[in-house]
Structure formats: C-alpha cells, structure tokens
Amino acid sequence: QVQLVESGGGLVQPGGSLRLSCAASGFAFSSYWLYWVRQAPGKGLEWVSGISPGGFIPYYTDSVEDRFAISRDNAKNSLYLQMNSLKPEDTALYYCARGPPRRGLGYGSWQEDDYWGQGTQVTVSS
C-alpha cells in the first residue's frame, strides 16, 4: 500500500533552516505529482509546494516563495523540502502528500485520491 514517511522536523530559531525528507513506497513514485502540506496550530491544511513527476516543475505558495525549495530524487523514491529564512509563522505539522496533477496551492482539504504521511513537526521559535 501507499506509504509516505516524513522526517527532518524540529525546533529552529527564526532565520534558521531545516530540510524535510519524505520516503515513499508502495506506488510508482516517478509517475506522480507530489506536495508538501502544512497545518499550523488552530488553522486548516495549507498546500505550500508541489513538484511534477520529473522534478522540472516546482511551484510554491506566495508565503514561502523564495524561502523554500522542493525537490525529489526518483531513484531514491524521496521528496525533500529545503526551508530557509524560517519564520515563527512557519510553525506547523508538515505532511508529504501524493495528489492530482497541478493541484492548486493554498488552503484546502484532503481529497479522495490524496495520500499523506503522519507528518513531521516544525517549530520556529527563539
């Protein structure tokens, strides 16, 4: 079955960096669009970044543009999110997700064909 396992979260000071990883199994990884989704305390799900199957089309929501970088290694069935210049408002549970092609970013809800992992917590605080 589809499995997505996130790692790399933690506590970091404002302005710091973290790199999240997602190990995938149970499906043809290189054939699917993938996403990073976050949920901040008391808020809904926010799709913050997506990437095409070949890795050539990354895109970001405005709030993380120029600070986050999504990438993937299809040989390793792995998805990554490099997060730089972190802000307290980036504090959230971050999920790796498989979803439909070119999904719109921003706030939304899980759809029938979505798969996601258990999440990794990112806390930005001094």
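In this structure, OG on Ser49 lies 12.5 Å from CD on Gln82, to the nearest 0.5 angstrom. Atom-to-atom distance recorded for Ser21:OG and Lys76:NZ is 10.0 Å, nearest 0.5 angstrom. Distance check: Ser30 OG to Arg72 CZ gives 7.5 Å after rounding to the nearest 0.5 Å. To the nearest 0.5 Å, atom CG of residue Leu105 and atom CD of residue Glu65 are 9.5 Å apart.
The nearest pair of heavy atoms linking Gln121 to Ala92 is NE2-O, 3.4 Å. Closest approach of Val37 to Ala97, counting heavy atoms only: CG2-CB, 4.1 Å.
Under the side chain to side chain contact (heavy atoms under 4.5 Å, CB included) criterion, Ser63 pairs with Arg38, Glu46, Thr61, not counting sequence neighbours. Applying the salt bridge (Lys or Arg N to Asp or Glu O under 4.0 Å) test to Asp114 and every residue at least two apart in sequence or in another chain returns Arg103.
Annotation: side chain of Ser126 is in contact with side chain of Pro14 (closest heavy-atom distance under 4.5 Å).
Between the side chain of Thr120 and the backbone N or O of Gly9, at least one donor-acceptor pair lies under 3.5 Å. In this structure, Gln118 contributes its side chain and Glu6 its backbone to a donor-acceptor pair below 3.5 Å. Of the possible polar contacts, one joining the Asn74 side chain to the Pro53 backbone as a donor-acceptor pair under 3.5 Å is found.
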Going through the distances and angles, do Ser78 and Asp73 end up as a side chain to side chain donor-acceptor pair (under 3.5 Å)? CA-CA 5 Å; Ser78 293; Asp73 185 336; over 6 Å; no
Start with the C-alpha gap between Asn77 and Ser25, add the side-chain angles, then the distance that decides, and say whether side-chain contact (heavy atoms from CB on, under 4.5 Å) holds. CA-CA 7 Å; Asn77 284 7; Ser25 62; 5.6 Å; no
Decide yes or no on side-chain contact (heavy atoms from CB on, under 4.5 Å) for Ser17 and Asn84, but give the supporting numbers first. CA-CA 4 Å; Ser17 298; Asn84 300 324; 3.0 Å; yes
side-chain contact (heavy atoms from CB on, under 4.5 Å), that's the test. Do Arg102 and Ile57 meet it? Break it down for me. CA-CA 9 Å; Arg102 295 183 175 85; Ile57 308 175; 4.2 Å; yes
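The cationic atom of Arg19 (NZ for Lys, CZ for Arg) lies less than 6.0 Å from the six-membered ring centre of Tyr80 and within 45° of the ring axis.
Its side chain within the 4.5 Å cluster rule, Leu4 clusters with Val2, Val12, Leu18, Leu20, Phe27, Phe29, Tyr32, Leu34, Trp36, Val48, Ile51, Tyr60, Val64, Phe68, Ile70, Leu79, Leu81, Met83, Leu86, Tyr94, Tyr115, Val122, Val124 among the Ile, Leu, Val, Met, Phe, Trp and Tyr residues.
Cluster annotation: Tyr107 and Tyr35 are assigned to distinct hydrophobic clusters (Ile/Leu/Val/Met/Phe/Trp/Tyr, side-chain heavy-atom contacts under 4.5 Å, transitive).
Partner of Trp47 under the ring pair (Phe, Tyr, Trp, His ring centres under 6.0 Å) criterion, chosen from Tyr95, Trp33, Tyr59, Trp110: Trp110.
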